[in-house]
Amino acid sequence: MAANKKLLILPGDGIGPEVMGEVRRVIDWADKRRHISFDISEDLAGGCAIDTHGVPITDKTMETAMSVDAVLLGAVGGPKWDGIDFNIRPEAGLLRLRKDLELFANLRPALVFNALAEASSLKTELVAGLDIMILRELTGGVYFGEPRGIETLPDGQRRGVNTQVYTTSEIERVARVGFDLARKRDNRLCSVEKANVMESGLLWREVVTELHQAEYSDVELSHMLADNCGMQLVRNPKQFDVIVTDNLFGDMLSDVASMLTGSLGMLPSASLGPADESGRRRAMYEPVHGTAPDIAGQSKANPLATILSYSMMLRYSFDMAEDADLVDKAVENVLDSGLRTGDIMQPGKTLASTGQMGDAVLAELDKLAA
Ligand code: NAD
């Protein structure tokens, strides 16, 4: 197969290069065994880019990021760069990527592998086999709305102001991603806002309903108030398939949902941009976790969140569901076999290093593809 899928890999700092190293091995495996070739460039982002270039991401790296089909990121930051100027800190590189690629749709699956169900803070039967997707609008809403700021009032009090604001097109484009995602899963979308007390929530509900009627009536749509959704996520999370919500509610609800799984080292994510004429979306895939300075360089990092982010890339950027399923199944089998990195270690299981976890995923892939 021609090497036409362009990929930019940004391993970043701390455990980023360690976990990304295991993804590179999975990519090499796919090349040899499944004839999936990527045209790969690798570059610096975050603290390592500051050390080399004085900025957290260079214009040249950004140019490459804009031209590829997908960006795969490890994690950026660490104590070494903590005191640095706010505008050139490692996270500023990440924010620039998100902004310039217009990544407005953030996908956070909350997937509980049966072998890890006991690690959840909820009862095992509530979360075993959980597979839901939280879709958060990422570039609009109260985090960006104007007016904003802190002002001093005539009576000497100070007042902090932020504005929740959404336009129809912003709502429609994220809802469209939600409906498309639902179609690839269990065909159910739950749209979440506060239409009872916020005009922006009312508009959100109207726009989602109109789009549903016009183009997606085959998908089962429900609406839920954000406070109730928080409650339902911890009461009965398996009732959901895809949840679509705004930036603020999504920030909180995706963190609640990820904690249902009980393990930071297992959580992948995807962020998608607008589609061009050919339907191609800019996209970035990254684990939810950070650079874990406490274990960096010790081969203790769990590479599975990054391997699962790669699998999301296959599914959502390249429509390669079969190959994504293969990776997901290999991860599931490795966990069933009892192998664990330190973050997900349980009594009676076998402790593995980052590389041993990678070895086991490759061995499972070999078996599954045999
Ligand atoms: P963190 O996610 O790096 O670590 C939190 C805890 O989880 C640590 O104890 C760590 O050892 C553990 N952990 C995280 N990922 C793991 C993995 N794959 N395997 C095993 N254990 C894992 O969060 P933090 O400590 O708050 O942040 C550390 C640095 O990472 C900071 O500089 C922060 O700014 C940065 N950060 C970056 C991103 C990103 O690049 N997207 C996200 C979060 C934090």
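Note that ligands are numbered from 1 as they come in the structure, with each ligand's atoms numbered from 1 the same way.
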Check: Would you say L203 and V165 are hydrophobically clustered, going by side-chain heavy atoms of ILVMFWY under 4.5 Å?
Finding: no

Margin query: For the 3.5 Å polar cut-off, considering only N or O atoms, please tell me whether D82 and ligand 1 meet it.
Written below: no

Note to self: Side chain, backbone, both or neither: which applies to V76 and ligand 1 if a contact is any heavy-atom pair less than 4.0 Å apart?
What the structure shows: both

Note to self: Out of all atoms in ligand 1, which are within 4.0 Å of some heavy atom of I295? Include the element for each.
What the structure shows: 11 (O), 20 (C), 21 (N)

Checklist line | Closest protein heavy atom to atom 5 (C) of ligand 1, given as residue, atom name and distance to 0.1 Å | finding: L264 CD2, 3.9 Å

Margin query: Checking Q232 against N228: is there a side-chain donor and acceptor pair closer than 3.5 Å?
Written below: yes

Item checked: Interfacing atoms of ligand 1 (cut-off 4.0 Å, heavy-atom, E286) -> 41 (N)

Notebook entry, point to check: Is atom 7 (O) of ligand 1 in close reach of the protein, with a heavy atom under 4.0 Å away?
Noted result: yes

Next item on the list: Using non-hydrogen atoms of the residue, decide whether V19 is closer than 4.0 angstrom to ligand 1.
Entry: no

Check: Hey, is P293 touching ligand 1 through its side chain, its backbone, both or neither, going by heavy atoms under 4.0 Å?
Finding: side chain

Next item on the list: Check each atom of ligand 1 against the heavy atoms of A75 and keep those under 4.0 Å away; list them by number with element.
Entry: 40 (O)

Check: Is it the side chain, the backbone, both or neither of I15 that has a heavy atom closer than 4.0 Å to ligand 1?
Finding: side chain

Margin query: In the complex you have, is atom 2 (O) of ligand 1 within reach of the protein, judged by whether a heavy-atom distance drops under 4.0 Å?
Written below: yes

Notebook entry, point to check: Would V112 end up clustered with V234 when hydrophobic side chains under 4.5 Å apart are linked, directly or stepwise?
Noted result: yes

Notebook entry, point to check: How does T291 reach ligand 1, by side chain, by backbone, by both or by neither, if only non-hydrogen atoms under 4.0 Å count?
Noted result: both

Check: When you check the side-chain N and O atoms of E63 and T61, is any donor under 3.5 Å from an acceptor?
Finding: no

Next item on the list: Measure the CG-CE distance between L73 and M20 for me, rounded to the nearest 0.5 Å.
Entry: 6.0 Å

Notebook entry, point to check: What do we get for L94 next to ligand 1 when only non-hydrogen atoms under 4.0 Å count, side chain, backbone, both or neither?
Noted result: side chain

Check: Should N302 be counted as touching ligand 1, given the test is an N or O pair under 3.5 Å?
Finding: yes

Next item on the list: Determine the minimum heavy-atom distance between S191 and W204, stating which atoms define it.
Entry: OG-NE1, 3.0 Å

Margin query: If the cut-off is 4.0 Å to any non-hydrogen atom of G290, which atoms of ligand 1 fall inside it?
Written below: 1 (P), 2 (O), 3 (O), 30 (O), 36 (N), 37 (C), 38 (C), 42 (C), 43 (C), 44 (C)

Notebook entry, point to check: Between Y166 and F144, does the ring centre distance come in under 6.0 Å?
Noted result: no

Checklist line | Distance flag for atom 24 (P) of ligand 1, protein heavy atom under 4.0 Å | finding: no

Checklist line | Stacked cation flag R188 on F240, 6.0 angstrom / 45 deg | finding: no

Check: Who's the nearest protein heavy-atom neighbour of atom 34 (O) of ligand 1, and how far?
Finding: E91 OE2, 2.7 Å

Next item on the list: Among all protein heavy atoms, pick out the one at the shortest distance from atom 14 (C) of ligand 1; state its residue, atom name and that distance to 0.1 Å.
Entry: H289 CB, 3.7 Å

Margin query: List ligand 1 atoms under 4.0 Å from G77, heavy atoms only on the residue side.
Written below: 32 (O)

Checklist line | Best match, D294, I344, T354: closest heavy atom to atom 11 (O) of ligand 1 | finding: D294

Check: Are R315 and M320 side-chain neighbours, meaning at least one heavy-atom pair lies under 4.5 Å?
Finding: no

Next item on the list: Return yes when G78 approaches ligand 1 closer than 4.0 angstrom through a heavy atom, no otherwise.
Entry: yes

Notebook entry, point to check: For ligand 1, which atoms sit closer than 4.0 Å to a heavy atom of A301?
Noted result: 19 (N)

Item checked: atom 13 (N) of ligand 1: nearest protein contact (heavy atom, Å) -> A292 CB, 4.0 Å

Next item on the list: Classify the side-chain pair E206/T209 by whether it contains a donor and acceptor separated by less than 3.5 Å.
Entry: no

Check: Nearest heavy-atom pair of L72 and V23: which atoms, and what distance?
Finding: CD2-CG1, 3.8 Å

Check: According to the interplanar angle, ranging from 0 to 90°, do the rings of F179 and Y216 count as parallel (below 30°), tilted (30 to 60°) or perpendicular (above 60°)?
Finding: parallel

Checklist line | Exceeds 12 heavy-atom contacts within 6.0 angstrom, atom CD of Q157 | finding: no

Next item on the list: Report whether L308 and Y316 are members of the same hydrophobic cluster (ILVMFWY, side-chain heavy atoms less than 4.5 Å apart, transitive linking).
Entry: yes

